[in-house]
Amino acid sequence: MSVRVRFAPSPTGKVHIGNIRTAIFNWLFARHTGGEFLLRVEDTDIERSTREAIDAMFECMEWLGLDHDGEIIYQTSRTSEHIAAAQQLLAEDQAYYGEPDENGKSALLFRIPWDTDNIPAVRTVGTVELELHPESPLNVSAAGVEFAQPSRKGKAMPAAATLAGFKALKAFDADNKCVFELDGNLDAIRAGEKFTVEGAVKISFTRREVFFTDMIKGELAKPFDSMKDLVIVRGNGTPVFHLANVCDDVFQHISHIVRGDDHVENTYRHILIFNALGYDVPQYAHMPMIVNSEGKPFSKRDGDAFVGDFREKGYLPQALFNYLSLLGWSPGDDREKMTRDEMVEAFMLERVKSSAAQFDYTKLQNMNGMYIAEMSTDDFVQWATCYATAAGIDPNAPLFRTVAELMQSRTRNAESLVDWKYFFSDELLYNDKPIKKQLKNQDIRDGLTAYKNALANLNGYTPELVEKSIRTVESAAGLDEGKLNQPLRLAASGTNSGADLYLTMALIGKEKMSARIDALCRYFDENLSSGN
RNA sequence: GUCCCUAUCGUCUAGAGGCCUAGGACACCGGGUUUUCAUCCCGGCAACGGGGGUUCGAAUCCCCCUGGGGAUGCCA
């Protein structure tokens, strides 16, 4: 069977990294197996779906290199097919109208099937007994079974489930006398009769369950008596997600459904709908969710978990792609930084983890840094140009390319660009702690002054000459070699880390260095010299 | 409450009964290279949630508990 998978987002807002990771895994699986990666826009939520959101999604996919196969399906264009499917189920008595709402409109519900002999995904588990709350009635009708169980404190905890969940149902009173039996009343109930049984303290029934083998999580099962018949067409006539989703997966001949594990509950129902409609059930793979740094699901509060935000912050698509692929999946060896081809080659759904993964910005940053480090100078300069203005740097400044080359190995994302500022501006951001440590030493102060004075007599200011000049001054001032490096770095940049010092000073130039030495001393005297 | 899923260093993960004294990566700490900074290199810290089984042997299999997530919608 050839692989056909789909990415089926609802375009109701910005594209979230969780969503795009689902797309990535689908894409990886399709490309690994030589299958097809289809796209379906689930735009049935008319009020929240927007054209902008759809376009933004396409853009994100393109940015990440997620090319799709075949035509894009818009779910709203298939409403009549969805309704036709619902009509079919109604005609076959596999669906029924529920209680009317306040407007007198009834929704159409899918009936979880009573006869399951021909459904391979359903199996009988055995007989189950449940304790009932004696003061609550047991209601049995075609729409399902309602009852209440006693809580630990004896309170009535209401429960309801589909009729099919209670094969061979019997109810017993306190004397263990059978006060209701489903067998014998079944036809009447299915024809519309309702039974209310009072005083029952126990029920017994044959439990049946839907089961399937998930490619990631293994065998999964859910008993019928924990499921309810579900609405497939709303009172207003519009099809519900469950129906539309199944119909469109049939329409697109989807072979494997790879989606977040928040859908496993739906899968049990969807399998039944596929069966009811007479179609084969696809293979399922439920991938773990990703959670925020608090271990909670991403919410609106984590405003920066949208794909577009990562782009704006200077993350490279291949780095984000690589990082996201490694959240819940690994190739099985120690590889982490991998090319797209390597990932396609190694990707297997069976190797996807089944537990949630926490998103780690720091690790993503590190990976982005690795991708940045291997860019060509031209590419890097181009990349930096995109983010310079936002960081307060003019990308057209004459020194821009030189500085970029110098800083590439220490750039992890767009935020790193603010550390380039001292090359372009005399207004430095001073890092107090190292400044205080160095300048409180009078020898250093004197050395700095001596260096400033020596500057005036210097002919030329290349990196080599810068180094030589520092050594000369140190030696004349009786300072150990290198003692002036750190103070001069502070004068040049305001902080204790940065690019190669001699290159940096040469780039800044003699005159500006002289001014910056003065400025540093003044800053120290005015802000840091006294007390603490 | 009930049902479903889930559980290895702080984080991402390797691990499918003996190769585990639990491996790698990020972060962190220390050292080397660089008379400076980043890169780079070396080293260190640090985990099988708890309790029962099964077994000669369990991180790996089973059960219970606990924690986390999801479902219990005429949202998707």
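Residue numbering restarts at 1 for every chain, and letters A, B, ... go by the order of the sequence lines.
Taking the C1' atom of each, B:C42 and B:G57 are spaced 37 Å apart, rounded to whole Å. The same atom, P, is picked in B:A7 and in B:C64; the two are 16 Å apart, to the nearest Å. Atom P of B:U21 sits at a distance of 40 Å from the matching atom of B:C3, rounded to the whole Å. Separating the C1' atom of B:C48 from that of B:G15 is a span of 10 Å, rounded to the nearest Å. The gap from the P atom of B:C4 to that of B:C40 amounts to 49 Å, rounded to the nearest Å. Nucleotides B:G68 and B:G50 place their C1' atoms 15 Å apart, quoted to the nearest Å. Taking the P atom of each, B:U13 and B:U2 are spaced 31 Å apart, rounded to whole Å. B:C26 and B:G67 have their P atoms separated by 35 Å, with the value rounded to a whole Å.
Within the nucleic acid shown, A:K296 comes within 4.0 Å of sugar-phosphate atoms alone, with no base atom in reach, counting heavy atoms only. Heavy atoms of A:G328 sit under 4.0 angstrom from primed sugar atoms or phosphate atoms, though from no base atom. Here A:A499 lies in heavy-atom contact (under 4.0 Å) with a base. Among the atoms of the strands shown, base atoms are found under 4.0 Å from some heavy atom of A:D101. A:E481 comes within contact range of at least one nucleobase, with a heavy-atom separation under 4.0 Å. Residue contacts shown for A:L220 are limited to sugar-phosphate atoms, with no base heavy atom under 4.0 Å away. Using a 4.0 Å heavy-atom criterion, one finds that A:K228 contacts the sugar-phosphate atoms exclusively. Nucleic acid contact class of A:H286 (heavy atoms, under 4.0 Å, all strands): none. Among the heavy atoms of the strands lying under 4.0 Å from A:E467 is at least one base atom, whether or not backbone atoms are also near. In this structure, A:Y268 reaches the sugar-phosphate backbone alone: every heavy-atom distance under 4.0 Å involves primed, P, OP1 or OP2 atoms, never a base. Here A:A8 lies out of heavy-atom contact (under 4.0 Å) with every strand. The residue A:S151 sits apart from the nucleic acid: no heavy atom pair falls under 4.0 Å. The residue A:D480 sits apart from the nucleic acid: no heavy atom pair falls under 4.0 Å. Residue contacts shown for A:P158 are absent, as no nucleic acid heavy atom lies under 4.0 Å away.
Across A:D229, A:I112, A:V140, a single residue satisfies side-chain contact (heavy atoms from CB on, under 4.5 Å) together with A:L163, and that is A:V140. Checking A:Y371, A:F359, A:Y361 one by one against A:Y323, the ring pair (Phe, Tyr, Trp, His ring centres under 6.0 Å) holds for a single residue, A:F359.
A salt bridge links A:E219 with A:R123; the closest basic N to acidic carboxylate O contact falls under 4.0 Å.
Side-chain to base pairing of A:E336 with B:G24: one donor and one acceptor N or O lie within less than 3.5 Å of each other. The base of B:U36 sits within donor-acceptor range of the side chain of A:R489, with an N or O pair under 3.5 Å. Applying the 3.5 Å distance criterion, the base of B:C75 shares no donor-acceptor pair with the side chain of A:R48. Checked by distance alone, A:D500 brings a side-chain donor or acceptor within 3.5 Å of a matching partner on the base of B:U36. At a cut-off of 3.5 angstrom, counting only N and O atoms as typed in the model, there is a donor on one side and an acceptor on the other between the side-chain of A:N266 and the base of B:A76. With hydrogens and angles ignored, no donor-acceptor pair under 3.5 angstrom links the side chain of A:K222 to the base of B:A71.
At B:A27, none of the side-chain N or O atoms of A:K363 fall inside 4.0 Å of OP1 or OP2 (strictly under the cut-off). Between A:R234 and the phosphate of B:C75, there is a side-chain N or O to OP1/OP2 separation shorter than 4.0 Å. Note on A:R351: a side-chain N or O is less than 4.0 Å away from OP1 or OP2 of B:A14. Taking only side-chain nitrogens and oxygens, A:K217 never comes nearer than 4.0 Å to OP1 or OP2 of B:C4. Between A:N496 and B:C37 there is no side-chain polar atom (N or O) within less than 4.0 angstrom of OP1 or OP2. For B:A14, one of the phosphate oxygens OP1 or OP2 lies less than 4.0 angstrom from a side-chain nitrogen or oxygen of A:S330.
As a whole-Å value, the separation of A:Y502 OH from B:A38 P is 14 Å. When rounded to the nearest whole Å, the span between CG of A:N292 and P of B:G10 equals 18 Å. Separating the CG atom of A:L230 from the C1' atom of B:C74 is a distance of 11 Å, rounded to the nearest angstrom.
Stacking of A:R21 on the aromatic ring of A:F25 is recorded, both the 6.0 Å distance cut-off and the 45° axial limit being met. For A:R78 and A:F251, the positive end sits near the middle of the six-membered ring, less than 6.0 Å away and at most 45° from its axis.
Taking the six-membered ring for Trp and thresholds of 30 and 60 degrees, A:W420 and A:F400 have ring planes inclined between 30 and 60 degrees apart.
Listed nucleotides: B:A38, B:A7, B:A76. Nearest to the side chain of A:S409: B:A38.
Looking at which nucleotide of RNA chain B each of A:R207 and A:D360 is closest to, the 5′-most match is held by A:R207. Along RNA chain B, the nucleotide nearest A:N236 and the nucleotide nearest A:D262 are compared for position; the residue whose nucleotide lies closer to the 5' end is A:D262.
In this structure, A:K437 places its NZ atom where only 12 or fewer heavy-atom neighbours from other residues, nucleotides or ligands lie under 6.0 Å away. More than 12 heavy atoms of other residues, nucleotides or ligands lie within 6.0 Å of CD in A:E342, so this atom counts as buried by the packing criterion.
B:G18 and B:C56 make up a base pair, with Watson-Crick or G-U wobble contacts both under 3.5 Å. With a 3.5 Å ceiling on both atom-pair distances, B:A38 lacks any Watson-Crick or G-U wobble partner. In this structure B:U2 sits in a base pair with B:A71, meeting the Watson-Crick or G-U test at under 3.5 Å.
Taking the six-membered ring wherever Trp is involved, the centroid distance between the rings of A:H270 and A:F110 does not fall below 6.0 Å.
Stacking between A:H263 and B:A76 is present: the aromatic ring centre lies within less than 5.5 angstrom of the base six-membered ring centre, and the two planes differ by under 30 degrees.
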